Amino acid sequence: AAPPSSAPGRALRRASTIRNHVLHARPATVDDCQVLYRWVIDDRHGAHAFPITEQWLTNALTELASLADRVNAARVTGP
C-alpha cells in the first residue's frame, strides 16, 4: 500500500509499525538478558532482526507521544 500523504496519516502509519514490532516479537535471551526479539522481512531492508530492550521501549514511547501530538494537532476543532 502507498504511504499516507497527510502528516496525521504518516504519524499513524509509523505508530502502527512500532505497535507491530512489539506485537509480533518473540521472547529471546540476548547477552544473558530476557528480551523480545523481532524478525522483520520487508522490501526495503530485506530480512533483519533486533532486540526490543527497555531502551528500545523507552525510545518507542517517546516517539509515540510525539506522533500522538502531531495527530491531535491536526484535528479539526469546532464548527
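Bear in mind that the values here come from a model prediction, so they are computed numbers and not experimental data.
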Hphob cluster co-occupancy, [X] + [Y], side-chain heavy atoms under 4.5 angstrom:
X: Trp56; Y: Val30; result: no
X: Leu67; Y: Val22; result: yes
X: Val40; Y: Leu57; result: yes

* Looking only at heavy atoms, which two atoms of Pro27 and Leu36 are closest? And how far apart? ->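 The answer is N-CD2, 4.1 Å.
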
* **Closest approach of Val71 to Ala11 (non-hydrogen atoms, all atoms of both residues)** =>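 In terms of heavy atoms, the two residues are closest at CG2-CB, 3.8 Å.
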
* Output yes when a side-chain donor or acceptor of Thr29 lies under 3.5 Å from a complementary backbone atom of Asp32, and no otherwise. =>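 Judged by distance alone, no pair lies under 3.5 Å.
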
* Between the main-chain N or O of Arg44 and the side-chain N or O of Asp42, is there a donor-acceptor pair closer than 3.5 Å? ->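 Present.
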
To the nearest 0.5 Å, how far apart are [atom1] in [X] and [atom2] in [Y]?
X: Glu54; Y: Cys33; atom1: CD; atom2: SG; value: 9.0 Å
X: His48; Y: Ile41; atom1: NE2; atom2: CD1; value: 10.0 Å
X: Tyr37; Y: Phe50; atom1: OH; atom2: CZ; value: 9.5 Å
X: Thr58; Y: Glu63; atom1: OG1; atom2: CD; value: 13.0 Å
X: Ile52; Y: His24; atom1: CD1; atom2: NE2; value: 11.0 Å

* Asked: Taking atom CG of Leu23 as the centre, does the number of heavy atoms from other residues, nucleotides or ligands within less than 6.0 Å exceed 12?
  ->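 Yes, enclosed.
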
* Gln55 and Asn59: side-chain donor and acceptor closer than 3.5 Å? ->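 Checked: Gln55/Asn59 side chains pair up, N/O donor to acceptor below 3.5 Å.
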
